[in-house]
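Structure first, commentary second.
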Amino acid sequence: MSRDRRSHAVRIHRTGGPEVLQWDEVQVDEPGPGQVRVRHLAIGLNYIDTYHRSGLYPLPPMPVTLGLEAAGEVVELGDGVHEVTVGDRVAYVGALGAYCQERVVDAARLVPIPEGISTEVAAASLLKGMTAEYLLRRTHPVRPGETILVQAAAGGVGLIACQWARALGARVLGTVSTDAKAELARQHGCDSPIVYTREDFVTRVKELTGGVGVPVVYDSVGQETFEGSLRCLTRRGLLVSFGQSSGPVPAFDLQKLSRGGSLFLTRPTLFDYTATRDDLLECARAFFEVVLAGTVRIEVRQRYPLAEARRAHEDLHGRRTVGSSVLLP
């Protein structure tokens, strides 16, 4: 017989702006076979959450609980679970429904949080850190001596990617919107921050590379930077378009790739790079390893009560957040 487990979650009953976020009382189910119940201690805030809220990305039937990333404690096991045990600190990414106090999650998607990593840091950075891992180590493996360009270098993924790429031996160029963000990016491994609101980033990249361009651009901005990112590439360079904070990239003529120098373009997702449990654990392990070593510093710069998720989304839209943020149940 199911026991009464009332909890709260931030849900949407229709798509739209931050105003559609609602603080609802919900019932938490018992975990089924292969599932566990997790009590959240911190929840990650990511730009992809706004894509789901607005309807840009497809959703299951309403009402929908938002959020793809959280960390907490295992409090109940379903049948056949062997990956974790009650009391374990765990984190996950990719399971829609994280904006809640408690929930049921498939055990196979959980990763253990190692000693030395706080639950806040895990929740604030796992999705971004695993994204940086697959971008820098697998989509285009960064080599010592390369010069790369990171769009939105002061964002959550950007700050991690700059530090990690620098540790891999790359020279890192990065775009930012303000002088304050330029200084922040510089402090996190960006050799040459480019304030795109004051100077043309394509011209500046060409100046910094002696007119050659870069072999890879990591671009999470999308619509506003796509054409410029292509122009920053050297011959046979790769544009990694992994986000669209400024809007989706419109349809374009493939001949632009050949005219630009036989360029490559990919639109990867973290979920394809962590589709198997082995890939998931290896990706998380590699990220936690560089954090524990001090190679990558994670700073939780914004904290919001979960019930105030609307304010958090308004700050995201207003570009008032820097680095990583968490929602606290």
Side-chain angles (χ1 to χ4, degrees), residues 7 9 28 31 34-46 48-49 65-78 81-134 136-137 156-157 159-161 163-164 167 270-271 273-306 323-329:
S7 185
V28 181
Q35 296 181 324
V36 303
R37 181 164 58 95
V38 176
R39 178 178 298 122
H40 288 159
L41 300 174
I43 298 155
L45 178 70
N46 296 285
I48 192 174
D49 302 343
T65 303
L66 296 182
L68 292 172
E69 172 183 42
E73 179 185 3
V74 176
V75 293
E76 186 178 2
L77 305 180
V81 172
H82 57 82
E83 295 90 349
V84 296
T85 189
V86 170
D88 283 355
R89 291 192 316 137
V90 295
Y92 65 87
V93 301
L96 186 66
Y99 281 19
C100 61
Q101 295 170 323
E102 292 189 5
R103 70 174 301 191
V104 169
V105 185
D106 289 340
R109 299 308 296 174
L110 298 174
V111 298
I113 303 174
E115 289 296 323
I117 303 286
S118 72
T119 51
E120 273 199 13
V121 164
S125 65
L126 186 59
L127 189 149
K128 303 174 187 71
M130 292 171 68
T131 298
E133 187 279 332
Y134 86 74
L136 301 175
R137 297 175 77 232
V157 174
L159 291 178
I160 295 172
Q163 294 176 80
W164 204 337
L270 172 62
F271 314 117
Y273 279 83
T274 57
T276 69
R277 180 152 180 82
D278 284 345
D279 283 343
L280 172 69
L281 292 178
E282 171 56 24
C283 186
R285 182 206 61 77
F287 171 58
F288 284 142
E289 189 175 83
V290 294
V291 174
L292 288 169
T295 303
V296 170
R297 304 192 319 274
I298 302 298
E299 300 168 4
V300 180
R301 291 178 167 265
Q302 293 86 208
R303 294 173 175 83
Y304 304 87
L306 176 59
S324 298
S325 307
V326 291
L327 304 169
L328 301 176

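Note that the coordinates shown come from a computational prediction; the quantities given were computed from them, not determined experimentally.
In plain terms, the two heavy atoms of Thr119 and Ala42 that are nearest each other are O-CB, 4.0 Å. Closest non-hydrogen pair, Thr65 versus Cys100, comes out as CG2-CB, 4.5 Å. Among all heavy-atom pairs drawn from Ser324 and Ile298, the shortest one is OG-CG2, 4.5 Å. Taking all atoms of both residues into account, the shortest heavy-atom contact from Leu110 to Leu281 is O-CD2, 4.3 Å. Contact detail for Ala284 and Val111: the closest heavy-atom pair is CB-CG1, 4.0 Å. Ala122 and Ala91 make their closest contact through CB-CB, 4.3 Å (heavy atoms, listed as atom of the first residue, atom of the second, distance).
We find the CD1-CZ distance between Ile117 and Phe287 to be 7.0 Å, quoted to the nearest 0.5 Å. The distance from the OG1 atom of Thr131 to the CG atom of Asn46 is 8.0 Å, given to the nearest 0.5 Å. Ile43 CD1 to Leu68 CG: the interatomic distance, rounded to the nearest 0.5 Å, is 12.0 Å. Atom-to-atom distance recorded for Glu83:CD and Arg109:CZ is 11.0 Å, nearest 0.5 angstrom.
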Show your reasoning for whether side-chain contact (heavy atoms from CB on, under 4.5 Å) applies to Leu270 and Leu127. CA-CA 8 Å; Leu270 172 62; Leu127 189 149; 4.1 Å; yes
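A salt bridge links Glu102 with Arg37; the closest basic N to acidic carboxylate O contact falls under 4.0 Å.
Looking at Arg89, its side chain does come within 3.5 Å of a backbone N or O of Pro114 through a donor-acceptor pair. With hydrogens and angles ignored, the 3.5 Å screen pairs no side-chain donor or acceptor of Arg39 with any backbone N or O of Glu73. Within the 3.5 Å criterion, the main-chain N or O of Lys128 finds no donor-acceptor partner in the side chain of Ser125.
Proximity of the aromatic rings of His40 and Tyr92 is defined here by a centroid distance below 6.0 angstrom, and this criterion is met.
Scanning for salt bridge (Lys or Arg N to Asp or Glu O under 4.0 Å) contacts around Glu133 gives Arg137, Arg138, with sequence neighbours left out. A search for salt bridge (Lys or Arg N to Asp or Glu O under 4.0 Å) contacts involving Glu299 returns Arg297, Arg301, not counting sequence neighbours.
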